[in-house]
Structures are given as C-alpha cells and as structure tokens.
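Here is the structure we will look at, set down as structure tokens.
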Amino acid sequence: MVNLTYAAQLLPLLLLSPTSTKSSANKNSVVLANGFSATHLNLRPSFLPRGGSLDTKKSVLSSSNSAVEADIGPALEVISQNNWDLLSDRGKAALSRLILYDMSNGNDGQKHVYGDWPEAGVEDEEKRMLAEQIADLDGSYPGGLPAYLSKAKTLLKESADGTNPFEEFEASVPEGESLSFEEPNANPHTGMTFTEAEQAGLTGIGDTVFVLVAGGLGERLGYSGIKLSLETNLCTNKCYLEVYAKYIQAMQRMAHLKTGKDHIRIPLVIMTSGDTDPLTRQLLKDNNNFGFDEGQVIIVKQDKVCALKDGNAGLSMKSKWEIETKPHGHGDVHHLLYREGLVDKWYNEGKKHVIFLQDTNALVINSVLPTLGVSIAKGFHMNSICIPRLAGEAAGAIARLEHKTDPEKSLVINVEYNQLDPLLSSQGDCKGDVADPSTGYSPYPGNANNIVIEMGAYARTLNGEDQGVVIEFVNPKYKDETRTEFKKPTRLECMMQDIPKLFQKEMGSEANIGFTMFDRWFTFSPAKNSLEAGVEDVGKGGTAPGTMSSAESDKYIQNQRKLKFAGVDINVTEEKDLVPIAGIPVTPGPRVILCPGFAITQKEVVEKIEGGKVTDRSTLVLEGEGLKVKNLDLDGALVIRTGHDCDVTVDGLVVRNKGYDLSEVPDGSDVPEEVAIRGYTMNKNEAMEIIITEPGKYHIGADGEVKRLE
C-alpha cells in the first residue's frame with residue numbers, strides 16, 4: 001500500500017509549515033505567519049517529521065506582527081543577503097523550508113528553483129513573485145511543500161519499480177443493491193424494489209446536503225467556459241447548474257409538503273478551482289442563484305499543486321520565475337469540507353447524508369432518491385452509484401478487497417480498470433476481468449462516481465488524523481522503458497472515490513460501504529468529449545461517444561421510457577433507430593423533458609400522466625408540481641409550465657403544429673462554441689405554450705383553453 005510517512009530526516013524547522021485547519025480558531029494553535037500555525041498540546045503526527053519535535057531555538061515568534069524568522073543560514077548559502085531582503089516574511093519562510101528540505105535529503109533536487117539568482121537589482125519583481133508563489137503552494141497543501149515532495153518521491157519510486165498496491169489483497173464482489181426503474185419485482189439477490197428504495201429515500205430528503213464537484217473547464221469538450229454553464233438540452237436551454245439546482249429545490253419543496261416544515265433548506269456546496277471559480281460565481285449572480293436563498297449555496301475553492309519534472313520529484317518550471325502547476329483532482333473536496341468546518345456544522349444541525357455529484361451527468365439526478373433509500377435501509381456509510389460494466393471496459397469498478405492477513409485492513413473501494421484485470425488474474429481461476437456468462441457483464445459494478453455518504457461516519461472520518469486528505473497517486477507517462485524521464489510533467493493526484501481508505505483507517509471493520517446499481521440509460525450519460533473525439537469513437541464502433549449531443553439525446557430517450565412506463569403510446573428509441581447528426585447517432589424523437597418541478601419520483605410520473613399518444617417528431621416539456629396530463633394527443637411541440645399551488649389538469653388536449661426540428665451546422669461554419677460542440681441547432685418553428693403562475697385550480701381541454709375552476 002502507499003506509504004504516507006514523511007521523510008524521517010526533515011529538520012525541525014519544517015514544522016513551521018502551513019496546516020489546513022478548520023475555519024474556526026483552534027484554541028491550541030499559535031499563529032506564526034500568514035497562514036502558518038503550529039498546534040501545541042495536540043500535534044498531528046501526519047504533519048510532523050517522524051520522531052521530530054518543535055525546536056524553539058529554530059524559530060522566533062514576533063509579538064508585533066506574528067511573523068516567523070527562520071534560521072536563514074542555509075538559505076543564505078545559495079541566496080545572497082541582498083536578494084533575501086527583497087522577499088516578504090512568508091516568502092522567506094516558505095523558501096527556507098524548501099531549501100532545508102533539499103539539504104535534509106542530501107540533494108539539491110530543487111536548486112533549479114532557487115539557485116543562480118542574478119544579483120539584486122536584476123529581475124527583483126520576478127524573484128518576489130516566485131517566492132510568493134512558493135509560499136502560496138506551501139500554504140495550500142497540508143504539511144507544506146516538504147510533505148508534498150516527500151510523498152511524491154515515494155510514489156514516483158513505487159511507480160518506477162512497478163509496485164503492486166494490491167499485492168496483499170484479494171478481490172470479491174461487495175454487498176450492494178441492483179435496481180431497475182421498469183422492473184416491479186425485487187432483485188432476488190439484494191431484496192429491494194425500485195419503488196421501495198425510492199420511498200425509503202423520501203424519508204430522508206430533508207436531512208441531505210449536496211456537493212457538486214466542478215473544478216474543470218470544458219476544454220475537452222471544445223468549450224472554453226465552465227461545464228456547468230453548458231445547456232443540457234435545446235428544448236429548455238437549461239444549463240447543468242440550473243438542472244441540479246431545480247432538482248434540489250424540488251426535493252426541498254417535497255420535504256416542506258411532507259413534513260409541514262417550511263424552514264428546511266438543502267444546502268449546495270460547489271467545489272471550484274482557480275479556473276472555474278470566477279465564472280461559477282458570475283453564473284450564479286447572473287441567474288439570481290437559480291432560485292436558492294442567500295447563503296444556501298456555498299463555494300469552496302481548491303488549489304492547484306506543483307508539477308513534477310522527473311522521478312526525483314523535481315519541480316517543473318513554467319519559466320525561470322514560475323513553477324508549473326496542475327489540478328490536484330476532485331479528491332480535494334473532502335479536505336476542503338473539513339477545512340471549512342462544514343461537515344461538523346451539518347452534523348450538529350442534524351443533517352444525515354451528503355450527496356456528491358459530478359458536473360456534466362444530468363441523468364444522475366434520477367438515481368439520487370433510490371440510492372439514498374438504499375443507504376438508509378442498509379445502513380451504508382458510503383454508497384456508490386453504479387452502472388453495469390462490460391468486462392475490460394475502461395471504467396473503474398467497485399470491489400471488496402480482502403486483506404490476506406489482517407481483516408481490519410479490508411475495504412470496499414473503486415479499483416481502476418487497468419488495476420482490476422491484473423488483480424483478478426492473480427487469484428481464483430486467474431481468468432482476470434471477464435464477463436459473468438449469465439448477464440454478459442462484469443460481476444463488478446461500474447463506478448459512475450456519484451456518492452452518498454452518511455454524515456456521522458463522514459464527520460468521524462474527517463476528524464481523524466488525515467483531515468480528509470485522501471491517499472494520492474501518480475500517473476507519469478514515461479518516455480521509455482527505463483521509467484526515469486517523463487513525456488510531460490506529472491503531479492500528485494487524488495480522487496473523491498478513494499475516501500474509503502480513510503473510512504477503513506478510522507473505522508476499521510465498522511465501515512459499511514456498498515453500491516447501488518442502475519441501468520445505464522437511467523443514470524449515466526456524461527458530456528465529456530469533443531464532437532470530433534465522439535465522431536472518431538463512433539467510427540471505431542463505440543456506442544457511448546460522451547458528447548453534448550449524445551448526452552442530450554440520452555436525456556430525451558430516458559424520458560421516453562418514463563412516459564412509456566406510465567402508459568403513454570410513444571416510441572422509445574432503440575440503438576437501431578438512432579440517426580446521425582454531425583456524425584453522432586441521436587434520437588429522431590420525440591424529445592421529452594420532464595423537469596424536476598414536475599416529477600422526481602417514479603410514483604409522481606405514474607400518478608401525473610395517464611394515457612395519450614406522442615408522435616416521433618414531437619417535443620414535450622412538462623414543469624409543475626400540481627400538473628396532471630391525461631389523454632394527450634401530441635403531434636408537434638407542447639410546453640406547459642405551472643407554478644407552486646397551481647392545480648392544473650390537462651385532459652384530452654390535441655396539439656397539431658410545426659413543432660421543433662434540428663439543423664446540422666455545415667462544416668467550416670463560424671458558429672459559437674456552444675453550437676459547435678453539438679454540431680446542430682434547434683429550429684423552434686411553432687409550439688403551444690401554456691404558462692400558469694397564479695395559484696388556483698385549472699382545467700385544460702382538447703382545444704387548449706385554460707379554464708379556472710376556483
């Protein structure tokens with residue numbers, strides 16, 4: 001397993017490193033400098049050198065400005081006094097730690113960063129900027145740069161040596177639940193029906209918190225903005241953030257109606273990065289927080305980490321005066337929630353579950369309630385939303401790893417596809433990652449990377465030694481078989497789904513971790529690839545291109561299936577029915593959007609829709625908690641939106657109009673990015689649109705006339 005122990009030889013001065021404490025002050029902390037502290041009485045060993053102690057001879061606390069004056073002797077061996085005097089106190093402190101780290105390890109692996117500075121008076125501002133960047137990087141990582149570089153050296157050596165992290169484990173299929181929206185009977189192996197799981201989830205909706213991981217731009221999609229701003233579909237033009245917001249608000253509204261407690265608020269935390277933070281804030285501001293109350297949306301920002309140029313963990317320089325940085329990964333979210341004191345706050349407020357979502361998979365909202373219900377019914381501390389996985393598919397799988405000698409080290413966790421086959425090939429029948437003949441799928445469920453975590457276990461785990469800093473990994477791309485030089489700089493990475501390693505560390509065998517698996521059509525169609533990459537994938541026989549157009553199409557197909565389940569006469573698009581538009585197979589229609597404000601449960605869909613027929617060329621958008629649609633006869637486009645406390649029954653409505661259709665964008669056209677990534681536009685030729693916001697009871701008949709009954 002990965003060794004997180006820091007180098008034993010670190011000098012005592014390295015204790016003067018930034019710690020990531022909660023926002024609330026620790027009465028046992030002494031502030032040393034901007035963002036630096038040394039915790040006394042309760043020093044956390046994960047931030048200390050092994051066997052080290054705080055040597056007061058190495059530091060002097062200034063009572064006037066709380067700045068730290070380090071032992072600068074070693075630093076002045078490589079940096080002149082005049083250059084040193086240019087730097088701020090925090091710059092000096094961080095640079096001293098970096099230099100002392102090098103010396104304590106008997107090498108000068110980072111000397112290219114701080115050595116050979118020109119004399120004072122030449123590029124002085126650049127020197128200050130570099131020192132400030134070093135201080136920023138040192139302050140943003142628990143344990144500072146020495147901890148980061150020490151971990152990196154260990155992991156890079158393990159990578160070069162080909163160390164097998166699962167050598168002491170054997171894999172088996174963990175306990176979990178398999179649910180199908182269209183199947184009324186319980187799975188004989190797991191015991192719950194979809195309806196039972198969803199109803200169990202409804203008992204806990206008021207005690208939830210949502211966390212949206214959104215640290216990436218849409219560059220891979222061919223979009224320079226933030227992915228949350230992308231339109232999920234062209235019928236409603238609602239972006240991903242609005243879809244998630246309206247789902248959370250629909251859950252909150254249902255909690256109000258079920259409990260009579262109008263004060264219930266479901267918080268949303270968005271994890272941003274330096275790339276996405278200002279654009280996310282602006283998106284919220286421009287849209288009046290998408291209906292959330294003031295303070296209901298909380299933004300936590302993750303920092304980037306240093307890029308590494310070689311197997312000795314040398315810092316990669318973007319230029320002589322700037323260290324190259326890279327994203328650390330969405331695993332930062334756990335430590336950020338700890339650092340901001342949010343989990344303890346939620347736990348003390350009586351919140352029971354945290355629901356983690358990715359940024360561009362709109363289908364996942366369908367599986368939140370049943371997954372929550374499974375967590376409640378089975379007492380799962382962590383529950384991963386999963387999909388059936390093809391054997392050998394390039395997707396992680398949830399597995400139970402049984403430690404060969406110590407049961408307390410066993411855990412349920414995501415195993416990446418390139419690790420799963422070697423692991424399975426070394427045990428049992430040694431066949432590796434192969435399909436179960438009875439299902440055609442791998443017996444190990446595919447990880448969709450959306451998670452429900454029980455709050456009590458989460459708080460206990462985050463308050464443990466590691467403070468939510470999940471175990472990291474490196475994934476360098478080597479130039480050749482010597483595995484010494486990289487094709488491009490690498491960095492330490494961390495993943496949100498690796499939190500079970502901390503559960504196991506803090507809770508041992510008490511940790512109850514499982515999964516809930518759904519049909520892929522129901523919960524998984526992320527937008528992650530550019531149109532060009534998707535076309536290439538389709539050309540190679542792929543059926544899941546992962547483009548904006550395929551994600552939009554899958555949203556329509558999902559709702560076709562829901563209407564079919566409710567008894568509507570409607571064709572559900574199968575793979576053979578897909579038509580290529582801009583090179584991506586998509587549904588020819590009908591295009592159906594059932595907004596969260598209309599229905600978030602299977603029961604609501606069945607109760608609110610009765611009979612009717614919808615032609616393939618049609619478009620249907622339904623929104624409104626009190627809306628019921630009976631015997632609809634639709635050939636064209638129909639949009640119905642109703643407000644709170646509007647009881648609206650549509651019965652026998654006949655719609656005939658030109659409707660909506662798609663136009664493919666000609667090759668080489670100069671169109672905005674948001675159009676180019678789809679490869680088509682929507683022509684909204686003609687539609688019947690009914691909007692009712694005044695509370696009351698209404699009836700709409702065959703002619704579409706709105707009649708108020710009371």
Side-chain angles (χ1 to χ4, degrees), residues 1-4 107 109-110 112-113 137 141 145 147-167 213 215-222 227 273-275 302-319 322-332 358 392-397 413-423 425 432-433 447 449 470-498 526 528-530 532-534 536-537 540 542 545-546:
M1 299 298 290
V2 177
N3 180 8
L4 292 182
N107 61 45
Q110 313 304 335
H112 61 288
V113 178
L137 292 167
Y141 190 85
L145 277 177
Y148 179 82
L149 296 170
S150 181
K151 286 185 187 181
K153 288 188 72 172
T154 298
L155 293 174
L156 286 167
K157 184 178 187 306
E158 291 178 355
S159 174
D161 292 344
T163 301
N164 177 8
F166 301 121
E167 185 175 2
V213 177
L217 293 170
E219 294 165 324
R220 188 174 164 188
L221 281 157
K227 290 184 282 185
S273 66
D275 293 328
Q302 69 175 147
D303 297 294
K304 291 185 177 181
V305 294
C306 303
L308 307 167
K309 68 185 181 70
D310 54 38
N312 289 320
L315 295 174
S316 176
M317 301 300 291
K318 192 172 182 180
S319 68
E322 183 180 359
I323 297 170
E324 184 177 1
T325 59
K326 289 177 175 283
H328 192 216
H330 47 55
D332 278 347
Q358 297 283 346
E393 184 178 357
I413 196 167
N414 175 76
V415 179
E416 290 302 314
Y417 71 94
N418 58 346
Q419 297 172 321
L420 183 64
D421 184 68
L423 176 61
S425 296
D433 185 14
N447 180 23
N449 218 14
V470 298
I471 292 176
E472 296 152 301
F473 63 95
V474 288
N475 187 25
K477 303 297 187 290
Y478 294 102
K479 283 186 177 180
D480 53 43
E481 294 181 356
T482 64
R483 300 173 75 84
T484 55
E485 296 185 42
F486 305 155
K487 292 181 179 179
K488 60 181 180 180
T490 189
R491 82 281 197 189
L492 293 190
E493 299 180 64
C494 59
M495 298 191 296
M496 177 176 71
Q497 62 267 33
D498 281 344
K528 57 183 181 179
N529 296 323
S530 68
E532 293 75 17
E536 182 179 350
D537 180 75
K540 295 177 180 177

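Positions are given from 1 along the sequence.
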### Closest non-hydrogen atom pair between Leu420 and Ala397, with its separation
CD2-CB, 3.8 Å

### Minimum side-chain heavy-atom gap Phe166-Pro422 below 4.5 Å
no

### Message
Please check this pair: side chain of Arg491 against backbone of Thr325, looking for a donor-acceptor N/O pair closer than 3.5 Å.
### Response
no

### Query
So, for Asn529 and Ala533, which heavy atoms are closest and what is the spacing to 0.1 Å?
CB-CB, 4.2 Å

#### Entry: side chain to side chain contact (heavy atoms under 4.5 Å, CB included) evaluation trace for Met495 with Asn449
CA-CA 10 Å; Met495 298 191 296; Asn449 218 14; over 6 Å; no

### Query
Is there a side chain to side chain contact (heavy atoms under 4.5 Å, CB included) between Lys309 and Glu324 once you walk through the steps?
CA-CA 10 Å; Lys309 68 185 181 70; Glu324 184 177 1; over 6 Å; no

#### Entry: Reported CG-to-CG distance for the pair Leu137 and Leu315, which is rounded to 0.5 angstrom
8.5 Å

### Query
Between Asn447 (side chain) and Gly396 (backbone), is there a donor-acceptor pair under 3.5 Å?
no

### Test side chain to side chain contact (heavy atoms under 4.5 Å, CB included) applied to Asn312 - qualifying residues, sequence neighbours left out
Asp310

### Message
Asp480: which residues meet the side chain to side chain contact (heavy atoms under 4.5 Å, CB included) condition with it, sequence neighbours left out?
### Response
Thr482

### Closest non-hydrogen atom pair between Ala152 and Leu308, with its separation
CB-CD1, 3.6 Å

### Query
Is a side-chain N or O of His328 found less than 3.5 angstrom from the main chain of Val305, in a donor-acceptor match?
no

### Query
Does Phe473 reach the side chain of Glu416, with side-chain heavy atoms less than 4.5 Å apart?
no

### Task
Decide yes or no on side chain to side chain contact (heavy atoms under 4.5 Å, CB included) for Gln110 and Leu145, but give the supporting numbers first.
CA-CA 11 Å; Gln110 313 304 335; Leu145 277 177; over 6 Å; no

### Message
If we ignore hydrogens and angles and just use 3.5 Å, is the side chain of Arg483 paired with the main-chain N or O of Asp161 as donor and acceptor?
### Response
no

### Query
Where do Gln358 and Lys528 land on the side chain to side chain contact (heavy atoms under 4.5 Å, CB included) test, with the steps shown first?
CA-CA 11 Å; Gln358 297 283 346; Lys528 57 183 181 179; over 6 Å; no

## Note on the structure
By side chain to side chain contact (heavy atoms under 4.5 Å, CB included), Asp421 pairs with (sequence neighbours left out) Ser425, Asp433

### Distance (rounded to the nearest 0.5 Å) between Asn475 CG and Leu492 CG
12.0 Å

### Task
Search all heavy atoms of Leu156 against all heavy atoms of Thr490 and return the closest pair with its distance.
CD2-CG2, 4.3 Å

## Note on the structure
Taking every heavy atom of Ala395 against every heavy atom of Tyr417, the minimum-distance pair comes out as O-CB, 3.4 Å

### Task
Taking atom NZ of Lys153 as the centre, report whether more than 12 heavy atoms of other residues, nucleotides or ligands fall under 6.0 Å from it.
yes

### Task
Considering non-hydrogen atoms only, spot the tightest contact between Phe486 and Pro476 and give its length.
CE2-CB, 3.6 Å

### Query
Going from OG on Ser530 to CD on Glu536, what distance comes out if it is rounded to the nearest 0.5 angstrom?
8.5 Å

### Query
Is the shortest heavy-atom distance from the side chain of Glu158 to the side chain of Val474 under 4.5 Å?
no

### Task
Measure the shortest side-chain to side-chain distance between Lys479 and Lys487 over non-hydrogen atoms and say whether it is less than 4.5 angstrom.
yes

#### Entry: N/O donor-acceptor pair under 3.5 Å between Gln302 side chain and Gly331 backbone
no

